[in-house]
Number of protein chains: 2
Amino acid sequence: MTTPENQPTIDRLAALCKALGHPVRINILHQLLREDRCICGRIVEILPLAQSTVSQHLKVLKEAGLIIGEVEGPKTCYCVDKVQLAALATAISALLPEIKLEQI
Amino acid sequence: MTTPENQPTIDRLAALCKALGHPVRINILHQLLREDRCICGRIVEILPLAQSTVSQHLKVLKEAGLIIGEVEGPKTCYCVDKVQLAALATAISALLPEIKLEQI
DNA sequence: ATCATTAATCGTTAAATTACGATAAGCGAT
DNA sequence: ATCGCTTATCGTAATTTAACGATTAATGAT
């Protein structure tokens with residue numbers, strides 16, 4: 001059995017985890033949740049990273065579907081797609097369906 | 001603010017996500033959960049990958065603390081650390097504390 | 001029309017990841 | 001003591017990632 005039936009689901013979960021798999025991107029998510037929505041420049045001003053680097057991380061998060069970016073004039077405003085983030089938490093929980101939380 | 005107070009927590013979360021950020025490693029977790037515990041060779045026989053590659057992925061999961069490996073003679077038996085996996089799900093959920101699940 | 005601001009993209013470099021075959025190491029059985 | 005089985009590690013090559021500065025593109029204001 002080289003390819004489980006639900007490989008697309010697995011690939012999707014892996015992609016989401018991969019996008020979260022860098023401290024800077026978790027920090028960005030944190031900041032977006034804290035301020036609800038942020039201009040790219042706001043994040044640049046908070047993190048000790050070049051603008052191009054922040055933009056790259058935002059791109060990764062956006063392509064994974066974890067954040068949404070809407071252009072507002074010359075600026076781009078980002079916010080977390082909470083549905084996707086919640087779905088990720090649910091998907092990870094669902095990996096261990098047989099476990100009752102009280103057992104752990 | 002270049003360094004949030006809870007940076008170690010953030011780094012830990014990122015490390016866990018990074019470990020899960022590859023389809024093969026999710027497949028391995030799946031298999032370990034399905035059979036409860038597995039010899040390395042069992043996983044090699046299921047996945048279309050070389051033994052050294054599987055061993056490498058197991059190492060990544062083990063170093064992240066998501067699986068536990070115990071040597072049994074010449075074999076090594078792996079199983080998921082369900083506490084850690086549950087903690088990961090909880091940590092991701094905790095990113096959005098203000099949200100009630102009914103809202104989404 | 002020009003200018004300033006903002007963000008995305010390009011090009012580059014260094015480092016990390018992934019995959020493999022080959023080899024080594026550990027253990028049980030003969 | 002040796003052999004066979006199992007797994008970890010080594011060495012390597014190809015790909016991807018992460019970071020940066022520089023440039024481009026787009027918009028709003030002058």
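In the text below, chain A, chain B and the rest are named by the order of the sequence lines, each starting its count at 1. Every heavy atom of this structure was used, including side-chain atoms; hydrogens, water molecules and symmetry mates were not.
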Check whether any side-chain N or O of [X] sits under 4.0 Å from OP1 or OP2 of [N], and answer yes or no.
{"X": "B:Arg42", "N": "D:dT6", "result": "no"}
{"X": "B:His22", "N": "D:dT16", "result": "no"}
{"X": "B:Tyr78", "N": "D:dT6", "result": "no"}
{"X": "A:Thr76", "N": "C:dA8", "result": "yes"}

Any side-chain donor near an acceptor of the partner, A:Gln7 and A:Asp11, under 3.5 Å: yes

Near-strand residues of residues 53-60 of chain B, defined as heavy-atom separation under 4.0 angstrom from DNA chain C: B:Thr53, B:Gln56, B:His57

By side-chain hydrogen bond (donor to acceptor under 3.5 Å, both in side chains) - contacts of A:Gln51 (at least two apart): none

5' priority, DNA chain D, between A:Gln51 and A:Lys18 [closest heavy atom]: A:Lys18

Length of the [atom1]-[atom2] vector between [X] and [N], whole Å:
{"X": "B:Lys62", "N": "D:dT7", "atom1": "NZ", "atom2": "C1'", "result": "10 Å"}
{"X": "A:Glu72", "N": "C:dA8", "atom1": "CD", "atom2": "P", "result": "12 Å"}
{"X": "B:Ile28", "N": "D:dT7", "atom1": "CD1", "atom2": "C1'", "result": "14 Å"}

Counterpart residues, side chain to side chain contact (heavy atoms under 4.5 Å, CB included), relative to B:Lys62 (two or more places apart): B:Ile67, B:Tyr78

Interface polar pairs with nucleotides 2-4 of chain C, N/O, under 3.5 angstrom:
none

Where A:Leu88 and A:Cys17 come nearest, the two heavy atoms and their spacing: CD1-SG, 4.1 Å

Minimum heavy-atom distance B:Ala19-B:Arg25, with the two atoms named: O-NE, 2.6 Å

Between the protein and nucleotides 1-5 of chain D, list every N/O to N/O distance that falls short of 3.5 Å.
none

Under the salt bridge (Lys or Arg N to Asp or Glu O under 4.0 Å) test, residues paired with B:Glu35 that sit two or more places apart: B:Arg42

